[in-house]
Amino acid sequence: MASPSGSAMPHPPLEGTARVWGTIALSAATFMNVLDTSIANVSLPSIAGDLGVSSNQGTWVITSFAVANAIAVPLTGWLSQRFGQVRLFMASVMLFVITSWLCGLAPNMTVLIAARALQGFVAGPMIPLSQALLLSSYPKALAGLAMAMWAMTTLVAPVMGPLLGGWITDNISWPWIFYINIPVGFFAVSVVYGIFRNRESPTKRLPIDSVGLALLVIWVASMQVMLDVGKEHDWFHSGMVQALAVVAVIGFLAFIAWELTDKHPVVDLSLFRNRNFWAGAVAMSVGYGLFFGNVVLLPLWLQQYMGYTATDAGMVMAPVGLLAIVLSPWVGKNVSKYDPRQFATVAFLVFALVLWMRSNFNTQASFATIMVPTVVQGIAMAFFFIPLVTITLSEITPERIPAASGLSNFIRITAGAIGTSVATTVWENRAILHHAQLSESINQGNGTAVGILNGLAASGMDSQQALAQVNRLVDQQAFMLAANDIFYASAAMFLLLIPLIWIAHAPKKSDGGSADAAAGAH
């Protein structure tokens with residue numbers, strides 16, 4: 001999103017130390033925002049345990065942030081034109097600091113989820129506005145450099161998130177994963193105010209599509225709540241889940257009908273008439289949903305059934321961005337010289353390979369064995385975002401880039417939230433199935449089972465204790481097999497997405513393509 005208002009910035013580029021400090025402040029705010037999408041992943045078991053809820057309920061900490069963020073992103077353009085980019089950015093960062101503080105103070109899961117939803121909502125404008133302000137700070141000749149530096153920040157944050165979150169959870173306490181945002185936020189606001197206060201963008205009064213916004217909130221919230229509570233209420237056997245599904249479907253249909261006929265829609269759905277836009281947006285969103293669902297699932301499995309601490313799980317997840325950091329500058333530089341559909345195909349093939357490798361894990365897998373696919377996954381990440389954003393925005397006229405970027409981001413973020421809910425639900429359901437199948441083997445006719453039970457009895461356990469120990473072993477195997485099922489199915493889905501990429505036309509090669517793509521990414 002080069003400029004949420006869709007107009008060129010009237011101010012000259014910054015120079016010298018002002019540009020350096022402006023870049024650092026904007027990058028720090030972006031880093032803080034992106035960090036919060038991943039830092040809680042490895043802390044979920046600790047958060048859930050402290051607040052007395054199940055780990056599956058704990059995933060609401062992630063999904064509430066993601067859904068609220070998805071709702072807020074399409075509003076960035078309207079809000080920035082109404083209040084100004086600099087004022088909106090500073091307000092967004094300060095509100096993010098306040099909601100982070102509330103997250104750390106949360107006495108129960110209900111309050112934490114509410115605070116995370118508020119945090120996600122106020123965070124919506126931060127990333128697109130950091131792009132806009134950063135681009136206004138550099139001359140056009142250096143726009144590619146500016147966006148490369150910005151993109152590096154968004155790649156380092158997911159690397160640091162699991163590692164930092166795990167260390168803080170193990171050595172301090174989980175509320176500090178939110179408290180660390182406070183000094184970063186104050187620093188960013190102070191510097192941005194000092195440098196950008198006289199570089200405010202023009203403002204004007206614009207009508208807001210309040211009906212469209214209300215319908216957007218209704219159907220997205222209903223859908224997400226349905227996905228999150230469905231597994232706990234036996235899905236469509238529950239009247240509440242049925243009601244949520246009906247509200248989500250009716251709200252979605254009403255939203256589409258309204259947005260296609262309103263003069264000032266909050267979301268410009270006419271963009272889907274462009275083949276490259278819908279093919280690129282769908283491929284990126286489904287791929288991101290698969291990626292994010294597996295990113296949440298892996299540390300949950302490691303901590304709950306493999307005996308990993310939060311720090312160890314963070315160490316396993318941390319290398320995911322190392323190769324991405326190395327390769328992304330090359331991809332950004334060359335995406336306009338080659339067919340980005342080829343780059344995106346490489347990304348999906350590597351994602352499929354990584355998930356296939358994980359589908360072969362067992363309970364004896366070593367730390368190194370589990371980490372190898374994570375390192376390789378960095379290749380896929382480098383070839384994923386910029387090429388797919390290039391495809392998505394390649395046939396969109398400049399004045400519609402902000403709307404297209406906001407809509408594609410909305411779909412991607414929502415897909416990530418759905419991926420989290422679906423992955424954890426399917427994991428639990430498949431584990432129940434595997435547990436039942438494995439339990440059938442625990443009988444008097446199975447020599448191995450009888451031998452284990454006799455050995456446990458000989459160690460001093462009574463029959464109930466021995467059976468409980470065997471049940472724990474069966475649980476460990478069942479959840480491992482369930483995770484393998486999801487990894488394998490996700491690998492197959494990545495392969496099935498490849499033809500969708502090639503439905504799009506080959507974007508025209510141009511020198512500015514990669515800069516435009518970078519400006520619309522994330």
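The residues of the chain are indexed from 1 along the displayed sequence.
Scanning all heavy atoms of the two residues, the minimum distance from S408 to T392 falls at CB-CG2, 4.2 Å. Residues L327 and A382 come closest through the heavy atom pair CB-CB, 3.6 Å. A pairwise comparison of heavy atoms in A344 and I501 identifies CB-CD1, 3.8 Å as the closest pair. Between V192 and A25, the closest heavy-atom pair is CG2-CB, 4.1 Å. Smallest separation of non-hydrogen atoms from T390 and P340: CG2-CG, 4.1 Å.
Using a distance-only test at 3.5 Å, with no hydrogens or angles considered, a donor-acceptor pair links the side chain of T99 to the main chain of F96. Side-chain N or O atoms of R341 include one that pairs as donor or acceptor with a backbone N or O of A504 at under 3.5 Å. Proximity of a side-chain donor or acceptor of R116 to a complementary backbone N or O of S64 within less than 3.5 Å is not detected.
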Is there a side-chain contact (heavy atoms from CB on, under 4.5 Å) between I411 and M284? Walk through the geometry before answering.
CA-CA 9 Å; I411 301 169; M284 179 167 59; over 6 Å; no
Between L129 and L88, does a side-chain contact (heavy atoms from CB on, under 4.5 Å) hold up when you go through it step by step?
CA-CA 8 Å; L129 288 180; L88 178 59; 3.5 Å; yes
Apply side-chain contact (heavy atoms from CB on, under 4.5 Å) to M109 and V61, showing your working.
CA-CA 8 Å; M109 183 57 73; V61 173; 3.8 Å; yes
Would V184 and L35 satisfy side-chain contact (heavy atoms from CB on, under 4.5 Å), going step by step from the backbone distance to the final call?
CA-CA 12 Å; V184 177; L35 187 76; over 6 Å; no
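Centroid-to-centroid, the aromatic rings of F384 and F351 come within less than 6.0 Å.
More than 12 heavy-atom neighbours from other residues, nucleotides or ligands sit within 6.0 angstrom of OH on Y179. Within 6.0 Å of CH2 in W502 there are more than 12 heavy atoms belonging to other residues, nucleotides or ligands. The neighbour count for W258 CH2, taken as heavy atoms of other residues, nucleotides or ligands under 6.0 Å away, does not exceed 12.
In this structure, CD1 on I503 lies 4.5 Å from CH2 on W278, to the nearest 0.5 angstrom. In this structure, I127 CD1 and L26 CG are separated by 12.5 Å, a value rounded to the nearest 0.5 Å. Separating the CD1 atom in I177 from the CH2 atom in W167 is a distance of 13.5 Å, to the nearest 0.5 Å. In this structure, Q119 CD and W101 CH2 are separated by 14.0 Å, a value rounded to the nearest 0.5 Å. Rounded to the nearest 0.5 Å, atoms OG (S46) and CD1 (I168) are 12.0 Å apart. To the nearest 0.5 Å, the span separating CG on N33 from OG on S92 amounts to 7.5 Å.
Screening F383, F348, Y288 for a side-chain contact (heavy atoms from CB on, under 4.5 Å) involving L388 leaves a single residue, F348.
Using the six-membered ring where Trp is involved, W219 and F252 have ring planes that are perpendicular, over 60° apart on the 30 and 60° scheme. Under the 30°/60° scheme for interplanar angles, the aromatic rings of F272 and F277 are found to stand perpendicular.
Using a 4.5 Å cut-off on side-chain heavy atoms (C-beta onward), Q85 and F196 make no contact.
Counted by atom type alone, T30 and S130 present one or more donor-acceptor pairs between their side chains at under 3.5 Å.
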